[in-house]
Amino acid sequence: MSALVTNSPVWKALEGHFREIKDEHLRSLFAKENDRGKHFTIEDTGIYFDFSKHRITGKTLELLTELARERGLGDKIKAMFAGEKINVTENRAVLHIALRASKDANIQYEGRNVVPDVHGVLEKMAGFANKIRNKTWKGHTGKPIKNIVNIGIGGSDLGPVMAYEALKYYSDRSLTIRFVSNVDGNDFSEALQDLAAEETLFIVSSKTFTTLETMTNARTARAWLLASLGDDKAVAKHFVAVSTHEKEVARFGIDTRNMFEFWDWVGGRYSMDSAIGLSTMTAVGPDHFYALLDGFRQMDEHFLHAPFSRNIPVIMGLLTVWYTNFFGAQTQAILPYENYLKRFPAYLQQLTMESNGKYITLNGEKVNYSTSPVFWGEPGTNGQHSFYQLIHQGTNLIPCDFIGFKKALNDLPPHQDYLTANMIAQGEALAFGKTREEVLHEGVSAELIPHKVFEGNRPSSVFFLDKLTPQNLGKLIAMYEHSVFVQGAVWGVNPFDQMGVELGKVLAQNIIPELQQDVPLRHDSSTNALIRYYRS
Ligand code: F6P
C-alpha cells in the first residue's frame, strides 16, 4: 500500500472539508466570528503571529494538525532533536539545533555530546572576530585588516549575506564586508576593485571545499593577493577557511589552524549559525552573534514543546500545505516591512525550495501531489509599487507572509508609522477587497467598475515583532527552518538532501573542456550548437 499522504484518511477528510469552505469569503468568516482576529493568533517568543486572514476555520486547523499527527510529525521532531539519522538518503543526522544549544546541553550523536565541539568553535570564532575588530590581526605587511571578503555560494553565502544585511545596523562600520559567490568573474572583480590587498582577508566558506564556484573564486583571490603582496607566506595572514573538510583546506594551502570547523550533520542551507557565520560574527561582534543564537534557541524550544495548535512553525507549515495542495497555490510571497531584511526572501528560497522541491518521497515513491511552492519576495513598500497588482487582482492565489516590527532601528518619524500602516493595510485589502457596491458608491463610471473591484479573499499571515534585533532575527530564521521541516514531514520528502542540483554540475564539468578546446561534440543538436557558438 502506498504511503503517499494523499491516501491518508485525514487527507480525504481535508478534501471534503475543502469542498465545503473553498468558496467562503474571508468577509463572511470574519462576520461569523467576532474575535477571529484574536482567536487565530499566537503570541510566543516575542512574535505576534496573526493567521486570522487565512481561508480556514477551526475545523481546518483541527484536520491539519491531525494530519501532522498522522504523519508522525511529533516523533520526527523528537528524532531530529535526538540526533537520529533522519537524513536517510545521506545517512546523516540533522542537528542544526545543536549549533545554538546552550553550553550545558547534551546532544548526543554517535555516542558523544556534540555541544562542547560547537562551543569550542564558537570561542575560536569569537577570538578571530575580536582580533579583526580590535585590529590586532595584522596582514602580511603589518597593517590591520579592514576588509573581509566571504567567498562561498548557496548556504555558504546566502545566510551570511542575509544576516550581514539584516544586522548591518549593529555592525562595525570601520570594516568593509563583501561577498563573492558567482563564478561569473564580474562578481569577484566588482567586489575587489577598490580594496587594498594588504588590508583584505578572505574567508573561504565551503562545507565540501570542492565547489567549483567557490574554489575558482578562492584561487583567483589567492592570485589577486599574491600579485600585490608577492610572497606565498602572505596566504596564511589573509586567508581563513570554514569547512567540514580539513584535508581539502590543507590541499588548498590554508593553514588548518585558521580553519573553523563544522560537521556533516549541518546542512548547507541550515548552516548560517555555524562557523559559516564567521563573517556575520566579525561584522557584528561575538555578543550580537550569541544573541542571534539565543533567538534561534528560543524558537527551537517553542517548536519542540508547544502543542501543534499553538505552535508557530507547525501552523505555518500546515498553511503552506493547505494552499499548495488544496487551493493549488504555486507560490508564496515573503514580504518583510523592514529594509534591512532585503535579502531574507533570497535566503528563504534556498531554505525552502532546495529542501522540499522534490517529487520522490522517502520511500522512493513518486508523489501525486505538489510539494514546495516557489517562495519569492521583496521588502515592502517597494513591492507594492511593482508586483502587488498581481497579488491583488491577478489570477493566481498567492499567500503572503508579512513581517513587520513595531520599532524602527533608525527612528525617523513618521517613516515607521507609514511603513507599518502600509503593511497592515495590504493584509486588509487582500482579505476584504472592495465590493461592487462600494465602488458604485464612489460614483465610478459603469465601464470602470469591474476594474476597480477587488474580490479580496486573498490570504496572508502577519509576523509582528518589537524590533529587528539579532535575537529576533534568529527567531525568524528558526521559525522558517522548522516550518520547512513540517512541510517535508507532511509531504513525506527528505528536506535535507539536494540530489537535484548534481546533474547540472556534472554536465558542466563535461562541457568546460569542450568550450576550451576544439574536440568532437557528442551532445544533442541544441547543446552542440550552443557550444560551437561559444567557441566561434
Ligand atoms: O549545489 C548546492 C549546494 O550543495 C548547496 O546545498 C550548498 O549550500 C552549496 O552547494 C555550497 O556548497 P559548499 O558549502 O559545499 O561549497
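One is the number of the first residue; the rest follow in order along the sequence. Atoms within each ligand, like the ligands themselves, are counted from 1 in listed order. Hydrogens, waters and symmetry mates play no part in the numbers below; they use all other heavy atoms, side chains included.
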Checking a contact table here: which protein heavy atom is nearest [atom], and how many Å away?
atom	answer
atom 9 (C) of ligand 1	Ile153 O, 3.7 Å
atom 15 (O) of ligand 1	Thr208 OG1, 2.6 Å
atom 4 (O) of ligand 1	Lys505 NZ, 3.8 Å

Next item on the list: Below 4.0 angstrom from a heavy atom of Val501, which ligand 1 atoms are there? Numbered from 1 as shown, please.
Entry: 1 (O), 2 (C)
Check: Looking at side-chain heavy atoms only, is the closest gap between Val242 and Ser206 below 4.5 Å?
Finding: no
Item checked: Sub-4.5 Å side-chain heavy-atom contact between Tyr270 and Ser355 ->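 Of all side-chain heavy-atom pairs linking Ser355 with Tyr270, at least one is under 4.5 Å.
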Side-chain atoms of residues 295-304: list all donor-acceptor pairs with protein atoms under 3.5 Å, sequence neighbours left out, distances to 0.1 Å.
unit_1: Arg297; atom_1: NH1; unit_2: Arg100; atom_2: O; d: 2.7
unit_1: Arg297; atom_1: NH2; unit_2: Asp294; atom_2: OD1; d: 3.0
unit_1: Gln298; atom_1: NE2; unit_2: Asp294; atom_2: OD2; d: 3.1
unit_1: Asp300; atom_1: OD1; unit_2: Arg100; atom_2: NH2; d: 3.0
unit_1: Asp300; atom_1: OD1; unit_2: His482; atom_2: NE2; d: 2.7
unit_1: Asp300; atom_1: OD2; unit_2: Arg100; atom_2: NE; d: 2.7
unit_1: His302; atom_1: ND1; unit_2: Asp44; atom_2: OD2; d: 3.0
unit_1: His302; atom_1: NE2; unit_2: Ile312; atom_2: N; d: 2.8

Item checked: Residues which pass side chain to side chain donor-acceptor pair (under 3.5 Å) with Ser174, listed by chain and number, not counting sequence neighbours -> Lys135, Asp172
Checklist line | Heteroatom distance test (Thr211, ligand 1): nitrogen or oxygen, under 3.5 angstrom | finding: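 Thr211 vs ligand 1: N/O contact under 3.5 Å present.
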Next item on the list: Indicate yes or no: does Glu354 engage Arg269 in a salt bridge with an N to O separation below 4.0 Å.
Entry: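 Yes, this pair counts.
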Next item on the list: Before accepting this row, confirm whether a basic side-chain N of the pair Asp117/Arg112 lies closer than 4.0 Å to the acidic partner's carboxylate O.
Entry: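 Yes, Asp117 and Arg112 are salt-bridged.
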Next item on the list: Run down the list Glu502, His245, Glu354, Glu213 and name the one with the heavy atom closest to atom 5 (C) of ligand 1.
Entry: Glu354
Notebook entry, point to check: Heavy-atom distance to atom 8 (O) of ligand 1: which of Gly267, Gly152, Gly155, Ser156 wins?
Noted result: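 Looking at heavy atoms only, Gly155 sits closest to atom 8 (O) of ligand 1.
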Check: Backbone, side chain, both or neither: what part of Gln498 comes under 4.0 angstrom of ligand 1, heavy atoms only?
Finding: side chain
